[in-house]
Amino acid sequence: MVVDGQHEQDSIGIINWDVNSTLDTAKSNRAGLPAYNHDSWSIQQALASLDSLYPFDPNEMAIVDTMTAVATMKLLGVRDIYPRLALAA
């Protein structure tokens, strides 16, 4: 992850598990709602594609990914972090 520039101390973070969706952070920033987004579903898909080369427990990787995202957001000064879960069909 590369992070540069100014960071809003009064922002929110989203851990996104809703597949094929993302938060438009540019739009939220323009609206005065600074936010950080982490698409966990995308990370899990990328890791699954490497499973034949580097076998791992997907549940453990999901935990590590979420912990890393939360820690990074907190270090950036994110005030609140929320999950975005997929809606039932």
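Residue numbers count from 1 along this sequence.
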request  = Measure from the side-chain N and O atoms of D65 to the backbone N and O of Q44, and report whether any donor-acceptor pair falls under 3.5 Å.
outcome  =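 Side chain of D65 to backbone of Q44: no pair is present.
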Check: T25 side chain, A35 main-chain N or O, donor-acceptor pair, under 3.5 Å = no
Sequence neighbours left out, cut at 3.5 Å: what donor-acceptor pairs do the side chains of residues 48-62 make with other protein atoms?
residue	atom	partner	partner atom	Å
S49	OG	A46	O	2.6
D51	OD1	F56	N	3.3
D57	OD1	N59	N	2.7
D57	OD1	E60	N	3.3

[atom1] of [X] to [atom2] of [Y]: how many Å apart, nearest 0.5 Å?
X   : Y   : atom1 : atom2 : result
T22 : N37 : OG1   : CG    : 4.0 Å
T68 : I63 : OG1   : CD1   : 11.5 Å
L76 : S11 : CG    : OG    : 8.0 Å

task = Take K74 and I81 through the test side-chain contact (heavy atoms from CB on, under 4.5 Å) and record every step on the way to the result.
result = CA-CA 9 Å; K74 284 301 190 183; I81 300 172; 4.2 Å; yes
key: Given T66, I14, I15, the one that forms side chain to side chain contact (heavy atoms under 4.5 Å, CB included) with H38   = I15
Heavy atoms only: give me the nearest [X]-[Y] pair and the separation to one decimal.
X   : Y   : answer
N16 : S21 : ND2-O, 2.8 Å
M73 : G13 : SD-CA, 3.6 Å
P34 : N29 : CA-OD1, 2.9 Å

Any chain of hydrophobic side-chain contacts (each under 4.5 Å) joining [X] to [Y]?
X   : Y   : result
W17 : V78 : yes
L23 : W41 : no
M67 : Y36 : no

message = Considering only residues two or more places apart or on different chains, which pairs with a residue in residues 12-41 satisfy salt bridge (Lys or Arg N to Asp or Glu O under 4.0 Å)?
response =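 Sorted pair list: D18-R84.
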